[in-house]
Structures are given as structure tokens and as C-alpha cells.
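Right, one structure below, let's go through it.
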Amino acid sequence: MSTPNDFNNAQAAAQFLLAQTPLRPKIGLVLGSGLGGFADELTTATRVPYTNIPFFPRSTALGHAGQMVIGNANRIPVAAMQGRVHLYEGYSAREVAFPMRVFDCMNIRAVILTNAAGGINPEYKQGALVVLSDHINLQGHNPLTGLNEERFGPRFPDMTQAYWKPYREATLAAAKKLGKTVYQGIYVALLGPNYETPAEIRFLRTIGADLVGMSTVPEVIAARHMGIKVLAISCVTNMAAGILDQVINHEEVLETGERVKGDFTALVRAVLPEIARDVEESPAPAG
Ligand code: HPA
């Protein structure tokens, strides 16, 4: 069996990125559909198109700019991905998770992953922000299959703390201070690219899912494999199929992302100092 040398490739990509900027971010962000605006506001920013980064996958989805922005958010250096790749684009789970490997090689110790999702929990409304508390992987793919790269992490990584509780609590506290309602929920990841059928949504509700989407889980699995702490926030861009008596379209997903941009950016900005403090206090990773 041959597996691509993700370790060497990720090192090469990380070195390339770090050579473009004097900043040394410890926090990585992935900005999903319609949520890329946060990276436009970074200061002293260096923007690197994915096409220039060695071995980096290129996004093809609408609403994904496809660049890494390394810059400061209120003096906190971050590396923010404007756009990601998805399994439904034909990439393998390892390719989808490769940016997390690059983050690890940049010595990034915490990630904030964001996405657009369909709301299954009837309490949610279009535009709601939801902090993920757990996930259910129904994608049928996993970035850790094949030979295990011990330099990244163990063969059988634990997933009981997939979404770091102190970060979730800090986010809910920040939301409260901002006077915004932010929920916590369980995200189920499907392969896509079609939106679900109403029968599928009824099934997903029965198994305990609050939200449904087509991303994030491969990145979370790879991040946890490497001991990177994860905060994930979904924007409910639409209620899932059959919850309301209306069809779902991608334009609506992008429009809702655009509408909550302000709330979303404020929430991320408010929680960043907490995460920055935590990563500064954490012991340096091995290797
Ligand atoms: N289903 C799956 N993925 C999504 C949805 C949805 O309803 N909305 C945004 N991403």
C-alpha cells in the first residue's frame, strides 16, 4: 500500500507559508461558505492563494475564495483559510484534512472551524449560530485510513473531547456578553453534494443530530489526531429538508452567511483572546 507522504508535504507547505510573513500564528481558522469575510478584516495580512502553496488542495465550491490569510485580529496572529475543499468535490478525506497537517507543522495548537449547515433541531432559525458539541460521521470516509503517521499522532485517537469544552464555554460566555443567542448542538456530516431528503432528515433527527452539513468532520478528526484543540461554529443557513415547506438552494445558503457575517465575526473576535491565552499557556508540542 502506498500513501502520500503527508508529513514531508505538510512541512514543505508550512515552511513556504511561514517564509511569507514574520507572524507566527498559534491559531488556525477555516472559514466556510459565506463566512470568509472575517479574514478581510485582518491587519498586517499576507494573502497566499492555495494555488501557490505546495501540495495544498484547491477549492472549487462557489463562495470559497481559496486563499490563506495570515494576519492579526486585535493583535492576535492567526492563519485563516478563506475556503476549504470538500469530499463531494472528489478529494479524498486525507486531502480534505491536509490543511490541518500544515497547521500542525506551523506549530498551530488550536483551530476554529466554521461551516454552513442545515438546521434539524426545530428550535433553530435560519441565521442561528451553533457551537458544535459533538459530531456523527456519516461520510463513509476518514482522513486517518492507510498507514498511520506516528509523527502526527496515534493509530487509534480518542474522540471523546473532539470539541474542546473550555472553548465551547468561552464562546457561549462571549455570546452572552454580546447579547446574542448561540446554541450548542451535534453536527452530522454527510458526503453530499445533494441536500438531504426529508426522510433522511427525519432519520438524522432520530439518531440525535441537530445540524447537518458536508464538511468539518475530516478536519476535526485530523486535528484531534495531532492533539490540536478544536472549536467549531456552524451557521444555520437554512432549515434542513422537510422541516419547513420549502426547497433549499445554494444561493440561500450564501445569502444567510452574508447576513450573519457581523454576528459571526463579533463572536470569533470575542473568543479569540481566550483561545490565544490558552495556547500560550499550553506546553510546547513534542517534535
Ligand atoms: N444540508 C447539508 N449541508 C448544508 C445544508 C443542508 O441543509 N445547508 C448548508 N450546508
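Numbering of ligands and ligand atoms starts at 1, following listing order. All values below come from the heavy atoms of this structure, side chains included, with hydrogens, waters and symmetry mates left out.
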| For ligand 1, which part of Ala117 has a heavy atom less than 4.0 Å away: the side chain, the backbone, both, or neither? | backbone
| field | Lys NZ or Arg CZ of Arg101 over Phe152 ring: under 6.0 Å, within 45° | value | yes
| So, for Tyr124 and Tyr183, is the gap between ring centers shorter than 6.0 Å? | yes
| query | What part of Val212 sits under 4.0 Å from ligand 1 if we count only heavy atoms: the side chain, the backbone, both or neither? | reply | both
| request: Taking only heavy atoms of Met214 into account, list the atoms of ligand 1 that are under 4.0 Å away from them. | output: 2 (C), 3 (N)
| query | Short list, please: which atoms of ligand 1 are under 4.0 Å from a heavy atom of Ala116? | reply | 9 (C), 10 (N)
| query | What residue and heavy atom of the protein are closest to atom 3 (N) of ligand 1, and at what distance? | reply | Gly213 CA, 3.4 Å
| request: Identify, by atom number and element, the atoms of ligand 1 in contact range of Thr237, meaning under 4.0 Å from any of its heavy atoms. | output: 8 (N), 9 (C)
| Intermediate values then yes/no, side-chain hydrogen bond (donor to acceptor under 3.5 Å, both in side chains), Gln11 and Asn9 | CA-CA 5 Å; Gln11 291 276 4; Asn9 293 354; over 6 Å; no
| For ligand 1, which part of Asn238 has a heavy atom less than 4.0 Å away: the side chain, the backbone, both, or neither? | side chain
| Near-ring test His135/Tyr163, centroid separation under 6.0 angstrom | yes
| note | When every non-hydrogen atom of Val188 is compared with those of Ala209, the smallest separation belongs to CG1-CB, 3.5 Å
| said: Tell me whether the NZ or CZ atom of Arg151 lies within the 45° cone about the ring axis of Phe7 and under 6.0 Å from its centre. | reply: yes
| Got the closest protein heavy atom to atom 5 (C) of ligand 1, with its distance? | Gly118 N, 3.4 Å
| query | Tell me: protein heavy atom nearest atom 1 (N) of ligand 1, and distance? | reply | Glu196 OE1, 2.8 Å
| field | Given Asn115, Asp263, Val260, the one that forms side chain to side chain contact (heavy atoms under 4.5 Å, CB included) with Cys235 | value | Val260
